[in-house]
Structure formats: C-alpha cells, structure tokens
S.K.: 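Supplied in structure tokens, the structure appears directly below.
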Amino acid sequence: MRDITYAQAINEAMSEEMRLDKNLIFIGEDIGVYGGAFGVSKGMFEEFGPERVKDTPISEQVITGCAAGASMTGLKTIAEMMFSDFMTLAMDQLANQAAKNRFQFGGQGAVPMVLRAPGGSGTGAAEQHSQSLEAWVAHVPGLKVVIPSTPADAKGLLKASIRDNNPVVFLEQKLLYRQKGPVAEIGEDEIIPLGKADVKREGKDVTIITYGRMVPRSLKVAEDLAKEGIDVEVVDIRTLVPLDKEALIKSAKKTGKVLVVHEACQTGGFGGELVSVVVESDAFFYLDAPVKRLGGLDVPIPYNPNLEAQVVPTEEKITAAIKNLL
Amino acid sequence: MKLSKETHKELYLKMVQTRKFEETAARLFVEGKVHGTAHFCIGEEATGVGVCTSLEVEDYILQTHRGHNQGIGKNMDIKKMMAEFLGKETGYCKGKGGCMHIADFSVGSLGANGIVGGGIPLATGAALKQQYNKEDNITVVFFGDGATNEGSFHESLNLAATWKLPVLFVCTNNYYGMSTSTKKSMAIDDISIRAEGYGMKGIALDGNDVVNIYEETIKAKKYILENGPMLMVLNTYRWMGHSKSDAQIYRTKEEVAEWKEKCPIKRHRDFILKNKVMTEAELEAIEAQAAQDIKDAVAFAESSPEPKIENIFDDVYAD
C-alpha cells in the first residue's frame, strides 16, 4: 500500500490494463502529449505510442461511436469525454448505439468499452462544465454506470469496467482528482467488481446512502457528529448500474433512518431510485422516520464561488438533514 | 473489367430477391400479418447489391433502415430476415429488433440502424480495428442523402480522413429525406463534393447501374486500402413512400413514373440479354428461384415460434 491520488489511480488502472491487453486502446481529446485536460493520462502516450493512445478531433459523437464500433469488432476501448457535460454531444452513439447494440441484434455482438467522463461542480467551471448527469445514463438499459469516491475504488472499479463486456460510463469526480488515498502496489491487480456497495463507515444511528464526491463530505459530517454522540453509517453505492440493493436495504434495517445524498439536481435524480429501493423493500417495516433526500438545488451550476458552493449539499446541510431525522 | 456470368447471375438474383422480398413484405402489411413499420428500397436495389456483392466476408457493412438490398447483397439469410420482419424467435434479432435492426455479424453486417446517420461513427471504429490489426479489408457504411446533413456525417468523415481509416462512405441519394427534397435540404446538387472539404476523394455514380457500381466498389476498395477513405454517392430513387404510412403528396406521379422507367433490375436484364450473357430462359429461371426463395422464407417465418417474454432480459447485458 502507498498513498496516490485519484487521478494517478485512474492512470495506473488504464496503464496496467493496456500492458495486459494489446487489444485495448484509448481515444479522446488531448489525452496524448498533453496528458489529458486534468492530467490523468500523463505518460501514457510516451509508453503506449500513437497507435494506442489516440488524440481525436473535438468530436464527441464520433469519439463515442468510434469506440463503440471498434469494441463491436474485437478491440476494447477507453474513450474519454473531457467533461461529462459533453456526453450531451455523444448521446446518440452512447444511448442508441452502444447501449442497445447487443439487445437489438439478438445478442450477436458486445460492446466492451469504457466512456470515462469527469463530472461535478466546485471548480468554477460554471453551467456547462460542472453537471452531474449520472441519472441520464443510469436510465438507459444496456449501460453500466460507475462513480468512484476514493483512489482505491477508482483503480479497482476502472479495471473491472475495462474488463467488463458492456459499455460502462465511468464518471470521475473532478474535485477528487488530487485527493490521495491508500492503493495497492502497481501490478497487484486489485479488482473491485461492479455492483458491490461499500460501507465506508459503520454506524448504528442513521444511514447516509451516497456516492462520488459526497462520500468524503458525508464521512466528514459523520466524524463531526460522532463527537456529539451520533453514530452515522455511510454507504457508498459505487456503481449505480448494477446497483447493490441488498447493501442499502441491510443498512436501512440496521439503523432505521436513511438520508440519501447526491450532488446532482434533486428532481429526477438518482436519489429517488435509492429511496425507492429502501421503501419498497421489507426495510420499510424497520424505518423509524421517513426516508429523506438531499440533492443539489434544481438550478444550473452557477459561476460565483459562494453561489456554486451553496447549490450542492454542504456539510451544514447534511448535518441539519441528519439531525432532522433523529 | 468484364464481369463473369456467375457475377451477373449473382447480382441479378440478389436484386430480384430484394424486390420480391419487399413486395411480399408490403403484402404482408396489407394482410395485417406484420405490425410496426418498414422502409422499402424498391427502385434502389442496385446500390446495396452492387456494392456488397463485390465485398469479402471480412469487409464490414453498416446498413440503413432501408437496407434489405444491402443485407441480401452481403449474403444474409433471407429466411432469418423474413422471420425478423415478422418478429419471430428465429429472426436475426430474435424478434427484438425488427427490420430496422437486422444484422448478421457472421457475414460482416454490423447491423442496420434506425437513427439517420447513426451508423457512420460506428464505421470509423470498425475501420480503426481493421487498421490497427493491419487487415486488408474495409468498412462500408451506407446512409441516405438526409444523413449527410447530420453532425455524425461531418465528425466521421473528418476523423476518417485525418486517420486515413479504411472506410467507404456510401450515400444512397434518393433525393428525399422522408418528404423533404434535397433541393430544400441542401444548397448543392452533387453530394459527392462534400468529400473535398475533408480532404477526401468523392465520386458520384448512377445508382441504378449495378454493373458499374460493382466495378467501382472494387476499385474503391483498392484505392481505400492504399490511400484512405472515400465517399461514393449513388444517385437513385425510392419508388415507394418513406414508410408504410406515407401518402406521397410531396412529389408528382410523373416524377415517380420517370424513375420507374430507369428500373435497375430491368436495366441489368436488358444488359444481360443485349450482351448475350444469359438467355431469356436463364433469366426466367433466376426469377423463379428468387420467387421460391421468398416463398420459402415466408413459410419459415410464419411457422416459426413467437419470442417468449421469459427471455426479455436476455442480451440487455453481455456476460
């Protein structure tokens, strides 16, 4: 174990898999010599060369379609969207082509590709570069959707995503790129299977179900509340599709009180799905309070840093929501 | 290039099969045996048949929603096509795709597409795989005139030209995007000039001349493997409406009649007789075989089981 950043963990996952599989290629905007807009792919062009690390024109639709077409025919591909907001430009290829390919052709083919896309606010990038669009893609059968919250999860889940035989949307968190955490040594090949939630903190009084950047924030709140004698359990779902429903239900039964937290706009957000999983299950009979959601405000992400910070769940808002449940 | 008698026979058979397949499909609609919709390529048979017959199994094609000629050209199984059209378990897509999504990976068809221009980006990926593996094969993607106004066309041609991908972009220009004439949707007459803007070779051909299309595709493949992608525009005409619900009030009967005079099947038939490639009797035998093939396909499809709802989750995800 050593501490590396979330960005470095992603780089290691891609690099290790590319060393193992000569049929794996990586395409996207400015991923080559530049090393990626967030520096995630630094050194990969030098190691794997222009045949396998391919800079593309600014053409998100064909980046996604090219990856899908190559994956349909025998390669494996990682495609990078510079910002997850740009999935809007690639939606036909992602949702109509890659996602439906296998089903609509009666199982003839498969599309083993990963679309990596950084999302989330907090960088001052404003409305068109700060969204959390996971609910859009989680709504399309045929896609898998992953959002890691730690460097170790990022590495293990990305390796699993690359080895998966389906199109996986891997939503990275921009604000976590520089966060460090313990990760297994290079080459130890630690895989985290998709569809397994992780209890990031055990607690007995109340459960926070969350993912992505809201995981470290929820853990901070939990540590602060522990000083007041409130014992919070934090469940990181890690993958939205497939979803580890059992883990949510188990935690809800244990604490009897559930708060769902995510950064994305609350209305139509994935939180509604998480609440439903709990209340539709037999965990309902264990609940001591209504299951609550805390999502982002239903507004575009604004530019001003004070405004930007206030439109997503803050530590204060999460703390208040927890206290309201008790 | 002089085509062999066998090649003429194959081209003629496939065009007649396509025509009869679609005439039969249209009849099945009237009889209420099919639900959903279909898009017929009657009048355009020479395009898909001419291009695909010249290809090898290792060459990929990506088809359009109006692509029965492309599939039959690439040697797809007509029985499985008809079964899919009828939504049966034995169809190419187990009844889940319908005729807008027919595919046969085993003959190199990576599938038909219901999204106008949707297959064009995928073609760059298939061609990238061929380039990466240094294969001597190409990817052919079909799309209509309407698709050349989509962003997917622009992004894909630019990428393919820049990376010198082995793609043959085939535009079957039938002059209408549903009801909208190309005169109302673009300010040029010759779609092939769009290639130049990407630094790509573009050619425009008579889309009803199956012999010439076959020959030009062979030349195009050689060119592409040496130089990079190419745009081939095949000017043709759709005799039927856009889909089964089209009343065709946007064009004149005279215009349709004029194009029917240019029937690609009749044209090939006349060529064969004039050049004494085959006799009238031989041609009639091919026509009889095509009719029988379609009859057998309908019988196969009609006697095939319906798909079961128990299997509905199959193939949403691969293992």
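Excluded from the calculations below are hydrogen atoms, water molecules and symmetry mates; all remaining heavy atoms, backbone and side chain alike, are included. Naming: A, B, ... by sequence-line order, numbering from 1 per chain.
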S.K.: Flag the pair B:Leu159 / A:Pro57 as yes when at least one side-chain heavy-atom distance between them is below 4.5 Å, and no otherwise.
M.R.: yes
S.K.: Look at atom CD of B:Glu58 and say whether more than 12 heavy atoms of other residues, nucleotides or ligands are closer to it than 6.0 Å.
M.R.: yes
S.K.: If I measure from the heavy atoms of chain A, does B:Asn158 come under 4.5 Å with its side chain, its backbone, both, or neither?
M.R.: side chain
S.K.: Side chain, backbone, both or neither: which part of A:Leu143 has a heavy atom under 4.5 Å from chain B?
M.R.: backbone
S.K.: Looking only at atom types and distance, does a side-chain atom of A:Asn166 sit under 3.5 Å from a main-chain N or O of B:Tyr317, one as donor and one as acceptor?
M.R.: no
S.K.: Testing the basics here: between A:Phe103 and B:Asp314, what is the closest heavy-atom pair and its distance to 0.1 Å?
M.R.: CD1-O, 3.5 Å
S.K.: Given that the side chain runs from C-beta out, which part of A:Lys144 has a heavy atom under 4.5 Å from chain B: side chain, backbone, both or neither?
M.R.: both
S.K.: So B:Asp315 and A:Gln104, side-chain hydrogen bond (donor to acceptor under 3.5 Å, both in side chains) or not? Walk me through it.
M.R.: CA-CA 8 Å; B:Asp315 304 323; A:Gln104 75 184 3; over 6 Å; no
S.K.: Below 4.5 Å, heavy atoms only, C-beta onward: do B:Asn113 and A:Gln97 meet side chain to side chain?
M.R.: yes
S.K.: If we define contacts as heavy-atom pairs under 4.5 Å, which of B:Ile102, B:Leu128, B:Asn133 has the most with chain A?
M.R.: B:Leu128
S.K.: Chain B: which of A:Gly109, A:Gly74, A:Ala68, A:Ala110 shares the most heavy-atom pairs with it under 4.5 Å?
M.R.: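 Ranked by contacts with chain B, first place is A:Gly109.
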S.K.: Below 4.5 Å, heavy-atom pairs only: which of B:Ala127, B:Gly151, B:Ala318 has the largest tally toward chain A?
M.R.: B:Ala318
S.K.: What part of B:Ile312 lies closer than 4.5 angstrom to a heavy atom of chain A: side chain, backbone, both or neither?
M.R.: both
S.K.: Does A:Ile27 form a side chain to side chain contact (heavy atoms under 4.5 Å, CB included) with B:Trp163? I'd like the steps, not just the answer.
M.R.: CA-CA 12 Å; A:Ile27 68 172; B:Trp163 288 1; 4.3 Å; yes
S.K.: Using a cut-off of 6.0 Å, state whether more than 12 heavy atoms not belonging to A:Ile58 lie near its atom CD1.
M.R.: no
S.K.: Minimum heavy-atom separation for A:Phe105 and B:Gly111, please, with both atom names.
M.R.: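 Here A:Phe105 and B:Gly111 meet closest at CZ-CA, 3.6 Å.
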S.K.: Rounded to the nearest 0.5 Å, what's the gap from CZ on B:Phe105 to CE on A:Met72? Could you check?
M.R.: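 One finds 4.0 Å between CZ of B:Phe105 and CE of A:Met72.
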S.K.: Show the numbers, then the answer: is there a side chain to side chain contact (heavy atoms under 4.5 Å, CB included) between B:Leu110 and A:Thr73?
M.R.: CA-CA 9 Å; B:Leu110 300 178; A:Thr73 50; 3.6 Å; yes
S.K.: Rounded to the nearest 0.5 Å, what separates atom NZ in A:Lys100 from atom NZ in B:Lys96?
M.R.: 14.0 Å
S.K.: Go through B:Lys129, B:Met100, B:Gln131 and name the one with the most non-hydrogen pairs under 4.5 angstrom from chain A.
M.R.: B:Lys129
S.K.: Considering all heavy atoms of both residues, which atom of A:Gln108 and which atom of B:Asp104 are nearest to each other, and what is their separation?
M.R.: OE1-CA, 3.3 Å
S.K.: Walk me through it: do B:Val316 and A:Arg102 pass the test side chain to side chain contact (heavy atoms under 4.5 Å, CB included)?
M.R.: CA-CA 7 Å; B:Val316 177; A:Arg102 180 174 178 83; over 6 Å; no
S.K.: Counting heavy-atom pairs closer than 4.5 Å to chain A, which one of B:Gly91, B:Ala126, B:Gly97 comes out on top?
M.R.: B:Ala126
S.K.: Would you say that more than 12 heavy atoms from the other residues, nucleotides or ligands in this model lie under 6.0 Å from the CD of A:Glu47, or not?
M.R.: yes
S.K.: With a 4.5 angstrom heavy-atom cut-off, could you sort out which part of A:Ile25 is near chain B: side chain, backbone, both or neither?
M.R.: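 The answer is the side chain of A:Ile25.
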S.K.: For B:Ala112, is it the side chain, the backbone, both or neither that has a heavy atom under 4.5 Å from a heavy atom of chain A?
M.R.: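 Backbone only.
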S.K.: Taking atom SG of A:Cys66 and atom CG of B:Leu122, what is their separation to the nearest 0.5 Å?
M.R.: 9.5 Å
S.K.: Under a 4.5 Å heavy-atom cut-off, does chain B meet the side chain of A:Gln61, its backbone, both or neither?
M.R.: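 Contact with chain B: backbone and side chain both.
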S.K.: Please determine, among B:Lys94, B:His154, B:His101, the option with the most heavy-atom pairs under 4.5 Å with chain A.
M.R.: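 Most heavy-atom pairs under 4.5 Å with chain A: B:His101.
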